[in-house]
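Scroll down for the structure; my scribbles are underneath it.
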Amino acid sequence: MAGKRASRGGGYAVYLIPGVIASLAIIVVPLIMTVYTSFTKWNGVGDQKWIGFDNYTRLFHDTLFWQSFGHIILLILAMAVVPTLAGLVLAALLFDYIAKRFNDRWASVFRSGFYIPQVIPVAVTGIVWGWILHPDYGALNKILDSIGLHGLAKNWLGDPDYALYSVMAIMIWFQLGYPIVMFMSGLQRIDPSLYEAADLDGATWWQRFRKITIYMIRPEFYVVLITTTIAALKIFGQIFVLTRGGPSNATLVPSYFAYKNFFEKAQVGYGSAISTVLTVIIIVLAIVFLRLQNRAEKAGA
């Protein structure tokens, strides 16, 4: 009997082969090649020249590299921290107030509306926001002019003082729907009797939110926080469409900095070093988040 079970289990492994091959071809092999190239001087054609850690030495003395990571810290705030916290509150309001006082259908409508930016192509959203924030014919400046606040009209994406904050605002709008969907799915698995008992004890909505809701959806909270943080570290498409790292490198991020060295400056080895450092940071953060999640789950068990 044990032999039959083992043979059945071995039969399932066959179906994993295509996924393993695809992972090797798309992820593992390019990663190994990138790491190797980071130790070379190469312009993308011809032979690679081995230079050891020279690219990394240059990298850690490059002010643009550190500037790009400073921008990433602010983008993590905009893409991970703010959407996660705001999404948690909005999901609870939709679940506790809209769904109960009106209808589950209305809660679904609002949830879908918040999630729409996630399914629209990045290029489309970038172009639309570029139109909205355009200094001459953009909708935002036109609205400010129409209500007598023309002094607040700015070149939102073209002024180094405002470009990064404009991108942050766009990314909050872009990311907000994902936490809401995740948290609302988590709220649906909470036993309603917990809320009923809290109501009988005279707990307010805020007390139920702090003591029950937040505690019960910790797994979703960690998943949202780690995925949005990694998304912030990897951000590229929105920067490429909106600002291309400008003006004056005001919105430069590591992924776009690597892209510029790869394709614009033909410094493939240096671009590979940037990508390798970014990959290591993402892996380390993922491990830290997973360990914190496991520790929290064991503490709550």
Side-chain angles (χ1 to χ4, degrees), residues 71-72 74-135 137-144 146-147 154 156-157 162-190 209 213-214 217 219-244 251 253 255-256:
H71 298 159
I72 277 294
L74 291 175
L75 285 170
I76 288 174
L77 180 67
M79 294 181 64
V81 179
V82 173
T84 299
L85 296 178
L88 182 59
V89 174
L90 287 171
L93 288 173
L94 290 175
F95 188 82
D96 287 337
Y97 184 79
I98 300 297
K100 292 179 180 178
R101 298 218 173 191
F102 296 95
N103 195 305
D104 287 337
R105 184 175 299 175
W106 280 107
S108 298
V109 169
F110 281 111
R111 179 180 59 189
S112 301
F114 281 116
Y115 193 73
I116 283 176
Q118 290 282 317
V119 298
I120 299 176
V122 171
V124 174
T125 58
I127 291 171
V128 171
W129 274 106
W131 290 341
I132 293 173
L133 300 179
H134 195 278
Y137 54 80
L140 179 56
N141 282 349
K142 290 294 185 182
I143 292 172
L144 292 173
S146 66
I147 60 177
K154 308 292 182 183
W156 299 103
L157 295 175
Y162 299 102
L164 182 59
Y165 298 108
S166 299
V167 172
M168 289 173 63
I170 294 170
M171 295 316 302
I172 292 172
W173 167 84
F174 181 82
Q175 286 286 104
L176 188 58
Y178 170 65
I180 290 175
V181 170
M182 290 291 292
F183 291 142
M184 286 192 72
S185 65
L187 289 169
Q188 291 175 354
R189 63 178 177 79
I190 298 177
F209 176 73
T213 302
I214 295 178
I217 63 172
E220 287 81 3
F221 184 85
Y222 279 107
V223 169
V224 168
L225 197 57
I226 187 173
T227 51
T228 51
T229 300
I230 291 174
L233 288 167
K234 298 191 306 177
I235 183 173
F236 174 81
Q238 294 88 346
I239 298 296
F240 181 83
V241 176
L242 288 168
T243 63
R244 294 183 179 259
T251 58
V253 293
S255 58
Y256 192 78

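The figures here come from the full heavy-atom set of this structure, side chains too, leaving out hydrogens, waters and symmetry mates.
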Between [X] and [Y], is any pair of side-chain heavy atoms under 4.5 Å apart?
X      : Y      : value
Thr84  : Phe221 : yes
Ile235 : Ile72  : yes
Leu242 : Leu133 : no
Met182 : Val223 : yes
Met168 : Val82  : no
Val128 : Thr125 : no
Leu157 : Val167 : yes
Leu90  : Leu176 : yes

[atom1]-[atom2] distance between [X] and [Y], expressed to the nearest 0.5 angstrom:
X      : Y      : atom1 : atom2 : answer
Met171 : Leu164 : CE    : CG    : 11.5 Å
Leu225 : Thr227 : CG    : OG1   : 8.0 Å
Leu187 : Ile217 : CG    : CD1   : 5.0 Å
Leu94  : Asp104 : CG    : CG    : 11.0 Å
Thr243 : Ile170 : OG1   : CD1   : 9.0 Å
Ser185 : Ile180 : OG    : CD1   : 12.0 Å

Closest heavy-atom pair and its distance - [X], [Y]:
X      : Y      : result
Pro179 : Gly87  : CB-CA, 4.2 Å
Met184 : Ala91  : CG-CB, 3.7 Å
Ser255 : Lys234 : OG-O, 3.8 Å

Are more than 12 heavy atoms, taken from residues, nucleotides or ligands other than [X], located less than 6.0 Å from that residue's [atom1] atom?
X      : atom1 : value
Tyr165 : OH    : no
Arg105 : CZ    : no
Tyr222 : OH    : yes

Check against side-chain contact (heavy atoms from CB on, under 4.5 Å), Val181 and Arg111:
CA-CA 7 Å; Val181 170; Arg111 179 180 59 189; 3.7 Å; yes

Please answer whether the main-chain N or O of Trp156 pairs with a side-chain N or O of Ser166 as donor and acceptor at a distance below 3.5 Å.
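Confirmed, Ser166 side chain pairs with Trp156 backbone.
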
Classify the ring geometry of His134 against Tyr137: parallel below 30°, tilted from 30° to 60°, perpendicular beyond 60°.
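Taking Tyr137 first and then His134, their aromatic rings lie parallel (interplane angle under 30°).
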
Test Thr251 against Tyr256 for side-chain contact (heavy atoms from CB on, under 4.5 Å), laying out the working first.
CA-CA 9 Å; Thr251 58; Tyr256 192 78; over 6 Å; no

Tell me the ring-ring contact (aromatic ring centres under 6.0 Å, His included) pairs involving residues 171-190, sequence neighbours left out?
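Every pair satisfying ring-ring contact (aromatic ring centres under 6.0 Å, His included) with a residue in residues 171-190: Trp129-Trp173.
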
